[in-house]
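Data first, discussion second: the structure below is written as structure tokens.
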Amino acid sequence: MGNKREKIAIINLTRMGDLLMTAPMIAHLRKKNPQAEIHLFAVTSYLPIAKGLDVDKVYDVPFSRLTELSLETTREHPKISLLTATNEMKKHLNKLRTETYSAIYNVSFTRISALLAWWLQGTVKGGMHFDEKGIRLIEGDWAQYFFAGNLNRSLNPFHLVDVMRGVAGITADDMQTRHPMHYSLNGDSVPESQLEAMCPGINKFQGPRIVIQCGASSPDKRWEAEKFGQVGKRLQQEKQAVIIFVGTEDERPLADIAMKRMDHKGYNLAGKTDLPTLAAVLKNAVLLITNDTGTMHLAQSVGTRSIVITLGAALSDETGPYGEGNLILEPTINCFPCNFRVNCPHFNCHSEIDPESVT
């Protein structure tokens, strides 16, 4: 029998954008370990994204349930006993403990990800984990740097993609080689028949398809929907653009507000696309206009350029588009970016960027 292939584990229990930013790290590990299998541990809701990355196996981590179990046992009036919570947690973790790894890299900074890194069989070479006494350890200079700098992230000069590459052991020489972000679709695009069903009449228009996302993870990062509508209307008038709004179901009302500014001449797919379909819609577009969101990383990963309006606590140096051909618009006021520990009372930065600047 032949030798068993070496296996490498990556733990990334974060959201869509951070998960997509793992792609260059994976490419680095592929180059350095061409014969190795790479396994990725990701949260349940983002498995479609994880499966589009260049990995050999994806493990479904029930992060929400594991977090709930850990919180229940620390409350003053827990709903379940410590023994019950421990037994259920071990049951979930044991399902993930099926291989032995030559290297484990944890690029999440949560107790659950550290617990998983400790529980897996193998050597943690980068990121946070626990020792046998339950003491937290952080392996690697890059992981220690980023963990220590989390309270002063606005001072960090490195993009998160490069931080994760550093956690994976990249050298100074390797850092000069930039692996692009990449997400593989099942097929090159959404079939035109499917797109026509989602956007009736779209195929009769010859203008460029431009995608807009009005939402963001927090209000401080969210440019006003009316302004996105003004941008869409100008693009329709000046470029005969076909405007497609995307986002979550909760963001659908924002897209409705923007479309009202456009006399409802556009398509609102917010809440109507799963992640692979969203990726395909982006791939079929010439441009994405968005706030700082995971969608901009998905666009980057399928080769579509973005105009990104960066507001509030968003840090473009750390989490902006990773690659060439994108445009980032930021305010030039002293309080930008917001301190993560301060709730902004005015959002003055929003008025610093006008629709004319975007178009």
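In what follows, every heavy atom counts, from backbone to side chain, and hydrogens, waters and symmetry copies are set aside.
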Looking at [Y], is its backbone amide N or carbonyl O close enough to the side chain of [X] to form a donor-acceptor pair, meaning the two atoms are under 3.5 Å apart?
| X | Y | result |
| --- | --- | --- |
| R97 | L120 | no |
| E99 | K7 | no |
| D220 | A313 | yes |
| H350 | G312 | no |
| Y267 | I202 | yes |
| R30 | A36 | yes |
| T277 | T273 | no |
| S357 | I353 | no |
| R252 | A270 | yes |

Is it true that [X] and [Y] have a side-chain N and a carboxylate O under 4.0 angstrom from each other?
| X | Y | answer |
| --- | --- | --- |
| R65 | E88 | yes |
| K227 | D354 | no |
| K95 | D60 | no |
| D292 | R222 | no |

Could you check, using the six-membered ring where one of them is a Trp, whether H39 and Y101 have ring centers closer than 6.0 angstrom?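 For H39 and Y101, the ring centres are under 6.0 Å apart.
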
I'd like to know whether the aromatic ring centres of F158 and Y145 sit less than 6.0 Å apart in this structure.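 Distance test on ring centres: under 6.0 Å, yes.
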
Just wondering, more than 12 heavy atoms not from [X] lying within 6.0 Å of its [atom1]?
| X | atom1 | value |
| --- | --- | --- |
| N348 | CG | yes |
| E356 | CD | yes |
| Q35 | CD | no |

Start with the C-alpha gap between H182 and D54, add the side-chain angles, then the distance that decides, and say whether side chain to side chain contact (heavy atoms under 4.5 Å, CB included) holds. CA-CA 8 Å; H182 179 71; D54 182 24; 5.9 Å; no

Might you point out which heavy atoms bring [X] and [Y] nearest each other, and give the distance in Å?
| X | Y | value |
| --- | --- | --- |
| T44 | P62 | OG1-CA, 3.9 Å |
| L20 | G294 | CD1-O, 4.1 Å |
| A103 | K125 | CB-CD, 3.7 Å |
| P48 | Y183 | O-OH, 3.3 Å |
| A85 | I80 | CB-CD1, 3.8 Å |
| Q144 | I138 | NE2-O, 2.9 Å |

If Ile, Leu, Val, Met, Phe, Trp and Tyr residues are connected whenever their side-chain heavy atoms lie under 4.5 Å apart, and connections chain through other members, are [X] and [Y] in the same group?
| X | Y | value |
| --- | --- | --- |
| F147 | V161 | yes |
| M164 | I11 | yes |
| L53 | L13 | yes |
| M296 | L311 | no |
| V55 | I8 | yes |

Can you find a heavy atom in the side chain of [X] that is under 4.5 Å from one in the side chain of [Y]?
| X | Y | result |
| --- | --- | --- |
| F130 | L137 | no |
| I289 | V358 | yes |
| F63 | T110 | yes |
| L282 | L288 | yes |
| W119 | N94 | yes |

Between [X] and [Y], does any side-chain donor sit less than 3.5 Å from a side-chain acceptor?
| X | Y | result |
| --- | --- | --- |
| Q213 | E251 | yes |
| W118 | D131 | no |
| N291 | T293 | no |
| N12 | T14 | yes |
| S70 | T67 | no |
| Y322 | D162 | yes |
| H297 | T295 | no |
| Y59 | T98 | yes |

Checking L329 against I307 for the side chain to side chain contact (heavy atoms under 4.5 Å, CB included) test, could you report, in this order, the C-alpha distance in whole Å, the side-chain angles of both residues, the deciding distance, and whether it holds? CA-CA 7 Å; L329 298 176; I307 295 177; 4.2 Å; yes

Point-to-point distance, once rounded to the nearest 0.5 Å, from [atom1] of [X] to [atom2] of [Y]:
| X | Y | atom1 | atom2 | result |
| --- | --- | --- | --- | --- |
| T123 | H129 | OG1 | NE2 | 9.5 Å |
| K272 | F245 | NZ | CZ | 13.5 Å |
| K265 | K260 | NZ | NZ | 16.0 Å |
| I104 | L116 | CD1 | CG | 8.0 Å |
| I26 | L40 | CD1 | CG | 5.5 Å |
| K204 | E196 | NZ | CD | 9.0 Å |

Residue pairs involving residues 303-319 (criterion side-chain hydrogen bond (donor to acceptor under 3.5 Å, both in side chains); sequence neighbours excluded): R153-E318, N156-E318, S316-E330

Pair E37, K57 - check side chain to side chain contact (heavy atoms under 4.5 Å, CB included), show working. CA-CA 8 Å; E37 288 185 17; K57 190 172 184 178; 5.7 Å; no

